[in-house]
J.: 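Before I ask anything, let me first share the structure, which is written out below as structure tokens.
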2 protein chains.
Amino acid sequence: MPRNRRPQDPEAKREEILDAATELFTRLGYEGTSLKAIATSAGVTANTIYWYFPDKDTLLVGVVDRLLMAALTDLSALEDEPLAEQLLWVVQRLRDNHQLVTAVHARADTSPPIDAWHRRFHDLADAVLKEGFRQAGAPESGLDARTHMAVLVVEGLITHTHDGDRTRAILDLLAS
Amino acid sequence: MPRNRRPQDPEAKREEILDAATELFTRLGYEGTSLKAIATSAGVTANTIYWYFPDKDTLLVGVVDRLLMAALTDLSALEDEPLAEQLLWVVQRLRDNHQLVTAVHARADTSPPIDAWHRRFHDLADAVLKEGFRQAGAPESGLDARTHMAVLVVEGLITHTHDGDRTRAILDLLAS
DNA sequence: ACCTGAACACCGTTCAAGT
DNA sequence: ACCTGAACACCGTTCAAGT
């Protein structure tokens with residue numbers, strides 16, 4: 001049996017590459033992780049990644065999109081919790097992935113696919129949070145400004161290290 | 001006269017390198033700008049930059065520190081304006097430099113000098129904004145959380161494109 | 001369809017050598 | 001003290017070639 005016939009189905013290989021990229025981007029940062037390192041960790045050669053993804057930026061989009069969807073799914077289990085509690089959960093959940101957030105921001109200006117994903121993310125986050133504010137009984141006036149602001153604050157709390165008390169105080173203020 | 005004797009004093013050359021780096025980092029981003037491009041624009045060779053700065057990260061610190069000091073100086077002329085007005089001025093003033101902000105965030109985890117500068121920046125921004133809130137008559141209770149949150153929002157407004165109305169609405173909400 | 005080895009242009013950084 | 005040319009290891013990406 002030849003070495004480069006698929007030992008398993010190609011969807012699984014794609015997932016393995018995404019797994020490896022997620023782990024390494026999270027731990028070493030986007031610029032600090034080479035495609036060679038991802039490939040080695042996934043058991044392939046660097047240029048094999050190009051069969052599954054057109055470039056490194058699009059691989060990053062695959063990584064963050066999968067993480068976002070998983071987080072949203074898990075968040076839905078907390079929909080009856082107070083808003084500040086839900087926001088705190090999001091911040092704690094994504095804090096380990098903060099290097100992914102800063103990478104998206106840093107590369108959105110250069111990479112069209114990252115820019116497009118980033119815009120979709122904000123539209124989605126705005127919509128989810130707006131609904132959260134409504135269910136918390138927030139007044140309709142100024143609701144857009146409030147939700148946009150809240151998304152920026154959550155991003156800021158993920159990308160900046162604060163102790164738990166300060167994080168909580170900010171989120172309480174935000175949800176009040 | 002030999003070519004590589006200084007035609008002018010070395011402080012001026014250092015400033016020229018900072019000027020070139022500021023312009024190119026701002027326009028093309030940090031990762032999108034090579035030291036060779038900066039050097040050429042400043043009329044030297046790439047490795048000459050290493051006589052003035054230990055590495056590319058420290059050059060970035062030099063750039064952002066100079067921009068921050070200039071912005072703070074100019075801001076002091078507006079100290080009698082309403083707080084929301086001052087914040088709007090800051091956002092508009094630094095919006096063109098948003099690639100510098102995202103670069104600092106993206107590299108703070110990897111580069112000790114950038115991390116150190118970033119912490120100093122937040123300490124300074126917190127202090128300045130806290131005084132701004134006080135002068136605007138904000139209550140002392142919850143003032144820390146409010147200032148930290150406001151700094152995150154200002155960073156978010158700089159790094160995310162919003163139309164003017166939305167920016168203003170968010171800043172009004174923040175200062176109210 | 002899937003994977004590789006070899007190559008390409010580029011990058012930040014180092015260093016011995018010049019003036 | 002200030003600056004350069006040449007080199008180093010590395011990077012993302014391409015492509016002809018293999019199975």
Side-chain angles (χ1 to χ4, degrees), chain A residues 1-18 20-21 24-25 28-63 99 103-104 106-114, chain B residues 1-18 20-21 24-25 28-63 99 103-104 106-114:
Chain A
M1 172 162 50
R3 274 212 280 74
N4 56 357
R5 274 263 179 259
R6 64 207 112 121
Q8 50 193 324
D9 85 297
E11 280 304 316
K13 188 93 262 176
R14 205 191 117 100
E15 291 298 309
E16 275 181 52
I17 293 172
L18 281 174
L24 290 168
F25 286 162
L28 306 173
Y30 179 74
E31 304 286 351
T33 301
S34 67
L35 290 178
K36 184 171 168 47
I38 296 167
T40 300
S41 166
V44 291
T45 303
N47 39 13
T48 295
I49 294 178
Y50 285 85
W51 202 88
Y52 295 92
F53 300 92
D55 51 32
K56 194 185 180 185
D57 288 322
T58 308
L59 173 57
L60 175 62
V61 168
V63 166
Q99 303 228 57
V104 166
R107 292 207 56 76
D109 265 290
T110 306
S111 162
I114 292 184
Chain B
M1 170 163 52
R3 275 211 280 74
N4 55 358
R5 275 262 178 260
R6 62 207 115 124
Q8 49 194 324
D9 84 298
E11 281 302 318
K13 189 92 262 176
R14 205 189 117 100
E15 291 298 309
E16 276 180 53
I17 293 172
L18 281 174
L24 290 168
F25 285 162
L28 306 173
Y30 179 73
E31 304 286 350
T33 301
S34 67
L35 291 177
K36 184 171 168 46
I38 296 168
T40 301
S41 166
V44 290
T45 302
N47 40 12
T48 295
I49 294 178
Y50 286 86
W51 202 89
Y52 296 92
F53 302 92
D55 51 33
K56 195 185 180 186
D57 288 322
T58 309
L59 173 58
L60 175 62
V61 167
V63 166
Q99 303 227 60
V104 166
R107 291 206 58 76
D109 266 290
T110 307
S111 163
I114 292 184

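All chains are named by letter (A, B, ...) in the order of the sequence lines, taking the proteins before the strands, and each is independently numbered beginning at 1.
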J.: Quick one: does B:Leu18's side chain get under 4.5 Å of B:Phe53's, heavy atoms only?
T.: yes

J.: Measure CD/B:Glu11 against C1'/D:dA1 and give the value in whole Å, please.
T.: 13 Å

J.: Measure NZ/B:Lys13 against P/D:dC3 and give the value in whole Å, please.
T.: 7 Å

J.: According to the Watson-Crick and G-U wobble definitions, with both distances under 3.5 Å, which nucleotide is paired to C:dC10?
T.: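 The answer is none; no pair meets the criterion.
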
J.: Give a yes or no on whether the backbone of B:Ala20 and the side-chain of B:Ser41 come within a donor-acceptor separation of less than 3.5 Å.
T.: no

J.: Could you tell me the separation between the OH atom of B:Tyr52 and the C1' atom of C:dT13, rounded to a whole number of Å?
T.: 18 Å

J.: Within the distance-only criterion (no hydrogens, no angle test), does the side chain of A:Lys56 pair as donor or acceptor with the backbone N or O of A:Ser34 below 3.5 angstrom?
T.: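 No; zero donor-acceptor contacts below 3.5 Å.
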
J.: Out of D:dT4, C:dC3, C:dT13, which has the shortest distance to the side chain of B:Thr48?
T.: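 The answer is D:dT4.
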
J.: Check the distance between C:dC2's C1' and A:Phe53's CZ and give it to me in whole angstrom.
T.: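 It is 15 Å, rounded to the nearest whole Å.
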
J.: To the nearest Å, give me how far apart CH2 (A:Trp51) and C1' (D:dT19) are.
T.: 14 Å

J.: side-chain contact (heavy atoms from CB on, under 4.5 Å) between B:Leu35 and B:Tyr50: does it pass, once the steps are laid out?
T.: CA-CA 10 Å; B:Leu35 291 177; B:Tyr50 286 86; 3.3 Å; yes

J.: Rounding to a whole Å, what distance do you find between B:Lys56:NZ and C:dC10:C1'?
T.: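 Nearest whole value for this atom pair: 12 Å.
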
J.: Determine, step by step, whether B:Asp57 and B:Tyr30 satisfy the side-chain contact (heavy atoms from CB on, under 4.5 Å) criterion, reporting the C-alpha distance in whole Å, the side-chain angles of both residues, the deciding distance to 0.1 Å, and the verdict.
T.: CA-CA 9 Å; B:Asp57 288 322; B:Tyr30 179 73; 2.7 Å; yes

J.: Side-chain N or O of B:Tyr50 versus OP1/OP2 of D:dT4: is the shortest distance under 4.0 Å?
T.: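 Indeed not, no polar side-chain atom of B:Tyr50 lies that close.
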
J.: Heavy-atom contacts under 4.0 Å between residues 29-42 of chain A and DNA chain C, which residues?
T.: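 Within this stretch, nothing sits under 4.0 Å of the strand.
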
J.: How close or far is atom P of C:dA1 from atom CZ of A:Arg14, stated in whole angstroms?
T.: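 Atom CZ in A:Arg14 sits about 17 Å away from atom P in C:dA1.
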
J.: Hey, mind stepping through B:Leu28 and A:Thr110 against side-chain contact (heavy atoms from CB on, under 4.5 Å) and telling me if it holds?
T.: CA-CA 8 Å; B:Leu28 306 173; A:Thr110 306; over 6 Å; no

J.: If I take atom CD1 in residue A:Ile49 and atom P in nucleotide C:dC2, what distance separates them, rounded to the nearest angstrom?
T.: 16 Å

J.: Are the side chains of A:Ile17 and A:Trp51 in contact, using a 4.5 Å heavy-atom criterion?
T.: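 No; the side chains remain at least 4.5 Å from each other.
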
J.: Paired with D:dC15: which nucleotide, if any, by Watson-Crick or G-U wobble criteria at under 3.5 Å for both distances?
T.: C:dG5

